[in-house]
Protein chains: 2
Amino acid sequence: MITIKDMAEMLGISTTTVSNVIHGKTSEVSQKTVERVEKLLDKYEYVPNISARSLSQNSSKIIGVALKCRKDKYANLFSDPFFGELIGALEAEIRAQGYFMMIYTSNDISEIIRNVLTWNVDGLILVGMLHDDFIRIKSRYKNPTVLIDSYASREIMNYVNIGLEDEEGAYEITRYLLKMGHRRIAFLADNMEGVDYTRYLGHLRALADYGLEMKEENLLIFHPGTVERESSLRELYYRVKNYTAFMCCSDYYAVLLMNYFMDRGIRIPEDLSITGFDNNLMSRVVRPALTTVRQDVTKKGRLAVEYLLKMIQGTEFSEWDVKLPIEIVIRDSVREIRQEDAGDGAADSKDVVEKADVCGNCCNMDEKEA
Amino acid sequence: MITIKDMAEMLGISTTTVSNVIHGKTSEVSQKTVERVEKLLDKYEYVPNISARSLSQNSSKIIGVALKCRKDKYANLFSDPFFGELIGALEAEIRAQGYFMMIYTSNDISEIIRNVLTWNVDGLILVGMLHDDFIRIKSRYKNPTVLIDSYASREIMNYVNIGLEDEEGAYEITRYLLKMGHRRIAFLADNMEGVDYTRYLGHLRALADYGLEMKEENLLIFHPGTVERESSLRELYYRVKNYTAFMCCSDYYAVLLMNYFMDRGIRIPEDLSITGFDNNLMSRVVRPALTTVRQDVTKKGRLAVEYLLKMIQGTEFSEWDVKLPIEIVIRDSVREIRQEDAGDGAADSKDVVEKADVCGNCCNMDEKEA
DNA sequence: TTGTATGCGTTATCAG
DNA sequence: CTGATAACGCATACAA
């Protein structure tokens, strides 16, 4: 590892000159010197030491990406293809802009804060944070920050969020279910804050349009990492006859349920309709293909990086709330039911046969490692 | 951001003493001073500056993870859940060990080298590199390096690879297909080097056991990123009647093909059997569930980090080649055919109906961004 | 056109 | 027990 100092000594010139050549401040340097330096640069394949540069410039060229994983410690967050896609998009864009990406996944906000400060990252992207988390981080970390999929309240300064028309998406897909004749619809989420809560509001609005109220027994909340448990799935299975449709807050859950139910003889969509949210790889690959809400994850990632860099370069957004459009993707997981059927919905689900589970691993995915 | 110097000044003591307290070298410091320093540490929530530490220690606490993506520039590598799982496992383990992870995905080896050197990473994990790439990297980067899923030749020093019983896996699953009566088996891979080539060898060995030879038309190679193209899929579709089974080198491809074929009326496994490799999320979620080769991705990641840290701590492995065991997972994507049927295999595939593609996005996933 | 000097935050050596 | 000082590699203000 050759350094600027080494080369300066070799050529009998000062480090300043070498540095100037490296940074193309060639107007200040004689042509001869430039050539001599460049020859060495090339010969020894000089690579700058970022730590040193960070220290002297007080800028690290790192973009931190922090994901709060509310799951168990050992669960693998990236099992959900949504996160895989998002991380991939972020990485590509960050690199394309000449920055470096450092990921932190933790359920401990102080750990995230420590990491971000210790690396002196130039900017921070927070995924799926709740209001309080954001406040805590901002109280210690002063550099530009962009949120993805967060719903922090408006009082905060420098609030930039790249989100989705969540309310609209939930509204539209609920309306679709209603239009298809469904009346007893279960709403499944893993929390009642942020994104999921907003989707819940959209769900309510659609119901209201049809003069319906949300019944308590239709609201199914399973904390993150618990839906995958056999006990939860079994519970849902026993309650399935109460509904004609499940509306899930992610494709991940929808696909999980769909397979669990199908493996036990419930026909989708004949006995039960089901919808997802995200339009990720699995929703397209599963059969029957999942009716869901499309979002452009790649664009989400790219926009987040774009805004962040603008902020790093000095642009001030005192408040900015991007909501990417959604789109309903109708595939094959929802059936139309005539209104007179609606009353007894999955009535024929009494025929359900307890079948061997050919998908054992699938249901316990996240428990494997624990 | 308070620094050691700041605190030293406040207390009227030297930075050395503060540093000693921070690192628990408390035997050298009086009890009083320790307390005074700790109070400040706490009050100002001191966080060390890693750049400075890197510089003075010549050790960055960073583990680099480099993925060579041979796909198009804009393709998202993490679409394949295998990589998502692997990255998740690596991240968790690296963090648990008190290190930081920095990811580079690039098809340009020099770029990877530059990044690794510029950050002075303490250790490097290379995923899916070929022999030449490894040599190039090692010629410039001298710190510990662990390979994942590589097949570099044995002459190299400090060669540590965490791999799989690839040959065995391919052998077993091919034998299974043969046992089920299949004789006209297509072998689908995206290259003929490294992992895929080893799997090919296993495939050949199984065929030989049955006194069969590999026919040229049974070897299907599609370069990375090209299988997803409509044209490739269509080509495969037209050739499908020549085979009774497809053996794919990844679940990703298997699932891709399976859905494309099914959407066009080919019944799986009745008309065509299909197998994968990895046992990732999709293989479990798809229907018919995919018969495949199981590997423990989480363990792969954990082992890689484990070995790397041992090397960083000074253990010398002059050569080490871990091959994790595989296991055939029999699900529903392969049917048994009587030997007399084998001759005309997918004969009834002449009934195939060209159906609307309900899975439009799926096939062009990677082209969306291009 | 080139060089000198200084600072960034931390750790380590060695002397008091 | 404590402190002064140098060193890590780079960039920059200021001199020459």
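Bear in mind that the values here come from a model prediction, so they are computed numbers and not experimental data.
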Walk me through it: do A/N115 and A/T118 pass the test side-chain hydrogen bond (donor to acceptor under 3.5 Å, both in side chains)?
CA-CA 5 Å; A/N115 285 337; A/T118 213; over 6 Å; no
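- Rounding to whole angstrom units, NZ of residue B/K61 and P of C/dT11 are separated by 12 Å.
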Please test A/T145 against A/I137 for side-chain contact (heavy atoms from CB on, under 4.5 Å), starting from the C-alpha separation and ending with a verdict.
CA-CA 10 Å; A/T145 306; A/I137 292 175; 5.7 Å; no
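- Taken residue by residue, residues 112-120 of chain A places no heavy atom nearer than 4.0 Å to DNA chain C.
- A heavy-atom distance below 4.0 Å to DNA chain D is reached by these residues of residues 31-38 of chain B, ordered by number: B/T33.
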Output, in order, the C-alpha distance, side-chain angles, deciding distance and verdict of side-chain hydrogen bond (donor to acceptor under 3.5 Å, both in side chains) for B/N143 and B/D122.
CA-CA 6 Å; B/N143 284 353; B/D122 290 349; 5.0 Å; no
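- Taking the six-membered ring for Trp and thresholds of 30 and 60 degrees, A/F100 and B/W119 have ring planes more than 60 degrees apart, a perpendicular arrangement.
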Show the numbers, then the answer: is there a side-chain contact (heavy atoms from CB on, under 4.5 Å) between B/V116 and B/I113?
CA-CA 5 Å; B/V116 164; B/I113 293 176; 5.9 Å; no
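- When B/I125, B/V160, B/L147 are each tested for a side-chain contact (heavy atoms from CB on, under 4.5 Å) with B/Y307, only one passes: B/V160.
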Please assess B/V18 against B/L40 for the test side-chain contact (heavy atoms from CB on, under 4.5 Å), listing each intermediate value before the final yes or no.
CA-CA 10 Å; B/V18 177; B/L40 268 202; over 6 Å; no
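- B/E306 pairs by the side-chain hydrogen bond (donor to acceptor under 3.5 Å, both in side chains) definition with nothing, not counting sequence neighbours.
- For the pair A/T105 and B/E91, the tightest heavy-atom approach, listed with the atom from each and the gap, is OG1-OE1, 3.0 Å.
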Apply the test side-chain contact (heavy atoms from CB on, under 4.5 Å) to residues B/L90 and B/I63: give CA-CA distance (whole Å), side-chain angles for both, the deciding distance (0.1 Å), then the verdict.
CA-CA 10 Å; B/L90 288 173; B/I63 303 294; over 6 Å; no
Would you list the atom pairs, donor with acceptor, under 3.5 Å between side chains in residues 41-53 of chain B and any protein atom, with sequence neighbours excluded?
| from | atom 1 | to | atom 2 | distance (Å) |
| --- | --- | --- | --- | --- |
| B/E45 | OE2 | A/R140 | NE | 3.4 |
| B/N49 | OD1 | B/S51 | N | 2.8 |
| B/N49 | OD1 | B/A52 | N | 3.1 |

Protein-proximity profile, nucleotides 7-16 of chain D, B/S/- by nucleotide at the 4.0 Å heavy-atom cutoff, equals -BBBSBB---
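- In this entry the distance linking CG of B/L11 with P of D/dT2 reads 12 Å, nearest Å.
- The main-chain N or O of A/S60 is never found under 3.5 Å from a side-chain atom of A/N120 such that the two would form a donor-acceptor pair.
- Pairing each heavy atom of A/P144 with each of A/M311, the nearest pair is CB-CB, 3.6 Å.
- Note on the helix from C/dT1-D/dA16 to C/dG16-D/dC1: terminal axis deviation equals 50°, with five pairs used at each end and the result rounded to 10°.
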